[in-house]
Amino acid sequence: MQIFHTISELRAWHKTAGSVALVPTMGNLHAGHMALIREARQRADHVVVSIFVNRLQFGQGEDFDRYPRTLEQDAALIAAECDSAVVFAPDERELYPHVIQQYKVEPPALQDELCGAFRPGHFRGVATVVLKLFNIVQPDVACFGKKDYQQLFIIQSMVEELNLPLEIVPVDTGRAEDGLALSSRNGYLTLEERTEAPRLYFHLSRMKKAIQAGERDYARLAVETVMDLKVRGWGEVDYVETRNAHTLKPATHTDHDLVILIAARLGQTRLIDNVEFTV
Ligand code: PAF
């Protein structure tokens, strides 16, 4: 397995490579990332895994400084999953040589909804670094997890609207046995919080079941979820929303393909999750 830290090394390698599938990550890899790598392997001759904790997508007071940087451990996991993979792990100077990034990708209004309403500028930072990674790696395919549903949606629409020459492959959310969506941020949870955290997936499943059984009062279902989480000691519940799975607009009663999205704080940790389904 090769590790490149500079754009020039990566570009020199690319000249001799066949088709490339990119898995963009911020590192601290877990089984969910391994599923992305397995999918990427099926899609191209070579897999590139980028590892970069992107300051631009973190707001003030968020976890940029404490976000786990575990390059050695990540490289070992990638090598075990796909020995021929290339790791692209630039430092901040390499990706942001002018320190201040003056040109930024401005996603549409959806960037201010759901997670964006609580993390101003987050999706601008995500779209900007993802476009940079696409320009650097020039992949034929890029794999993104559905756990970050809004991120996936924004990246898909960026690729479409800017005519970027690659295919975005969505990959299902990896879950622990108790249903908790796999996330690097789960590592922040205390033992007690880790036991409580699957409550998010419990509520997503409960709401999905109710809607599939004919319930259409999405707001009432959301209030029930918020009240239960509050009683159980969760912190702020940022949102519980039922949306059209294709447009991410608030779901109407005639929509068939739905997604319920949730974001809530448990102790110091902000968790997000979602379920997609059809009625
Ligand atoms: O999903 C992530 O890990 C990040 O948002 C991404 C896509 C790697 C951009 O920094």
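For reference, positions follow the sequence shown, starting with 1. Every number for a ligand or one of its atoms is a count from 1 in the order of the listing.
Those atoms of ligand 1 that come under 4.0 Å of a heavy atom in Gln57, given as number and element, are 4 (C), 5 (O), 9 (C), 10 (O). The distance from ligand 1 to the heavy atoms of Thr25 drops below 4.0 Å at these ligand atoms: 8 (C). Near Val129, meaning under 4.0 Å from any of its heavy atoms, are these atoms of ligand 1: 9 (C), 10 (O).
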| message | Applying salt bridge (Lys or Arg N to Asp or Glu O under 4.0 Å) to Asp112 and Arg119, what does each step give before you reach the verdict? | response | CA-CA 8 Å; Asp112 297 320; Arg119 305 187 68 190; over 6 Å; no
| task | Please test His5 against Phe88 for ring pair (Phe, Tyr, Trp, His ring centres under 6.0 Å), starting from the C-alpha separation and ending with a verdict. | result | CA-CA 6 Å; His5 295 283; Phe88 177 52; 8.7 Å; no
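Salt-bridge formation is detected for the pair Glu215/Arg220: a Lys NZ or Arg NE/NH1/NH2 atom is positioned less than 4.0 Å from an Asp or Glu carboxylate oxygen. No salt bridge links Asp257 with Arg243; every basic N to acidic carboxylate O contact stays at or beyond 4.0 Å. Taking a cutoff of 4.0 Å between a charged side-chain nitrogen and a carboxylate oxygen, Asp273 and Lys147 do not qualify as a salt bridge.
Inclusion of Gln151 in the set of residues having an N or O under 3.5 Å from an N or O of ligand 1 is warranted.
Nearest non-hydrogen protein atom to atom 3 (O) of ligand 1 is Met26 CG, 3.6 Å.
Using a 4.0 Å cut-off between heavy atoms, Ile155 makes no contact with ligand 1 at all.
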